[in-house]
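Scroll down for the structure; my scribbles are underneath it.
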Amino acid sequence: MDEKDIFETFLNAEQLFKDKEVIRPSYTPEKLPHREQEITTLASIFVSALKGETPSNVFIYGKTGTGKTAVAKYVGKELIEKGRQLSKTLLFVYINCEIVDTEYGILSNIGNSIIKNWNEMIPFTGWPMEKVYDKLKEEIEKQGGVTIIVLDEIDKLVSKSGDDVLYVLSRMNTDLKNAKASIIGISNDLKFTELLDARVKSSLGEEEMIFPPYNAAQLQDILKQRAELAFNKDVLDPSVIPLCAALAAQEHGDARRALDLLRVSGEIAERDEQKNITEAHVRKAQNKIEIDRVAEVIRTLPTQSKVVLMAILLNREIGQETLTTGDVYDTYRALAMKANASILTQRRITDLISELDMLGIINARLISYGRGGRTREISASVPVKETKKVLEEDELLKNLSNYKPLKQATLV
DNA sequence: AATCCACAGGAAGCCCGGGAAC
DNA sequence: GTTCCCGGGCTTCCTGTGGATT
């Protein structure tokens, strides 16, 4: 086969997507349906920046995919625009704390996004904290006006490196003379303020906003708006958007999930060389997203847990649907021995089984066989073949998958 | 009613790696 | 650098228990 032909089929395929970017999670749309009220509230807080006063610090809470980041970025953008019209100095800095999660990183990032002069940049390592802070202050002072700092996924920052940075930042206003700074913290964990120092808590939480999840109807509006830009005319079956919305509404109204479903549906249809996207593609997409999620969880499991999971899967392969803790432990021992791994005690395996249960990879419920003992009844809740494939990626588990467990004496 | 199975799961303590304090 | 402390993984030892069987 000559090389051109490989691509030929794809090139000739019907174009479903007009602009795929629009339904990627990173895209910030022009309009945010059903977030008008949140936008207004946030704008009313920020408006003082235009008057040259310090806006209150804000905490924004809400589950994933409720539009927190989008609203913050949107209002920030509008604010800068307005500021330019009124020729006021306004700076807007956005930092995702999942990516930048150290005290030094936060401060130097804020600093560098303000500093205009290339050769004055704060190096990514090397300076003492004190110097970084002074430099940051100096720059903000030099620019004057109001600087708004958005710290997204702020809970990640606090859980990884504590609240020292927040304390430093919250105190910055008292050190500044002719400039002002205010902070927006975004978190999807409502309880995370409990980890904070009381002073930080009160100074950062001057205003609090909670973003409610979207319902199915609202999700439909969001999807419609994006679909118009993302897909060519008439490629979507009319039932596709309602279905995506309904499925995502079940997952605590996650707009990101809804958009993912729509995008993956499109990608599946595209690969199948279909001219339009149907309900069936959405179902497949739902399945694929779920499998990807599970695969990711399994991949990051500690090795011993993987061996336990393998033990359960192998038993199921020989027709043992439900197992007791003892059955699992027997197989586990054999596998661990074969893999030259250390063999943990049954007590420990009990805990690992509980963890797998919590992750939803297996089902374990407590039952009693009367005189036959009291134990857990364990069964896998993931597809055997696919899961085994993921487990085999682990060097240690590679040659375990063809092991045949001893048939357990079946009790009736 | 008493027995007894096959574990569940709590308590205490060991070991080890990593970060803070000295 | 050393020391101290903390948390997580793990073991050892243990008590508790639902219900078929005796």
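Quick note on labels: first sequence line is chain A, next is B, and so on, each numbered from 1. The structure displayed is predicted, hence computed values, not measured ones.
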Does NZ or CZ of A/Arg226 fall inside the cone over A/Phe231's six-membered ring, less than 6.0 Å from its centre and within 45° of the axis?
-> no
Report the distance from atom CD1 of A/Ile343 to atom C1' of C/dG9, rounded to the nearest whole Å.
-> 17 Å
Could you give the CD-to-C1' distance, from A/Glu355 to C/dC10, as a whole number of Å?
-> 12 Å
Heavy-atom contacts under 4.0 Å between residues 344-353 of chain A and DNA chain B, which residues?
-> A/Gln346, A/Arg347, A/Thr350
Pairing of A/Glu386 and A/Lys389 as salt bridge, 4.0 angstrom limit = no
Touch check for A/Ile367, heavy atoms < 4.0 angstrom, all strands: base, sugar-phosphate only, or nothing?
-> nothing
Salt bridge flag under 4.0 Å for residues A/Lys135 and A/Glu139 | yes
Aromatic A/Phe17 / basic A/Lys20 pairing, under 6.0 angstrom, 45° off normal | yes
How long is the line joining CZ of A/Arg365 and C1' of B/dA6, in whole Å?
-> 17 Å
Test log, rule salt bridge (charged side-chain N to carboxylate O under 4.0 Å, His left out), inputs A/Arg256 and A/Asp260 = CA-CA 6 Å; A/Arg256 189 185 308 168; A/Asp260 278 347; over 6 Å; no
Axis bend over the full length of the helix from B/dA1-C/dT22 to B/dC22-C/dG1, computed from five pairs that close each end, to 10 degrees = 20°
Is A/Glu38 paired with A/Lys68 through a side-chain N to carboxylate O contact shorter than 4.0 Å?
-> no
Do A/Glu392 and A/Lys398 sit within salt-bridge range, that is, some charged N less than 4.0 Å from a carboxylate O?
-> no
Are A/Glu267 and A/Arg263 close enough for a salt bridge, meaning some N to O gap below 4.0 Å?
-> yes
How would nucleotides 16-22 of chain C be written as a contact map, 5' to 3', with B for base contact, S for sugar-phosphate-only contact and - for no contact, using protein heavy atoms under 4.0 Å?
-> BBBBBBS
Pair A/Asp221 + A/Lys31: basic N to acidic O under 4.0 Å | no
A/Phe211 six-ring centre to A/Lys63 NZ/CZ under 6.0 Å and within 45° of normal | no
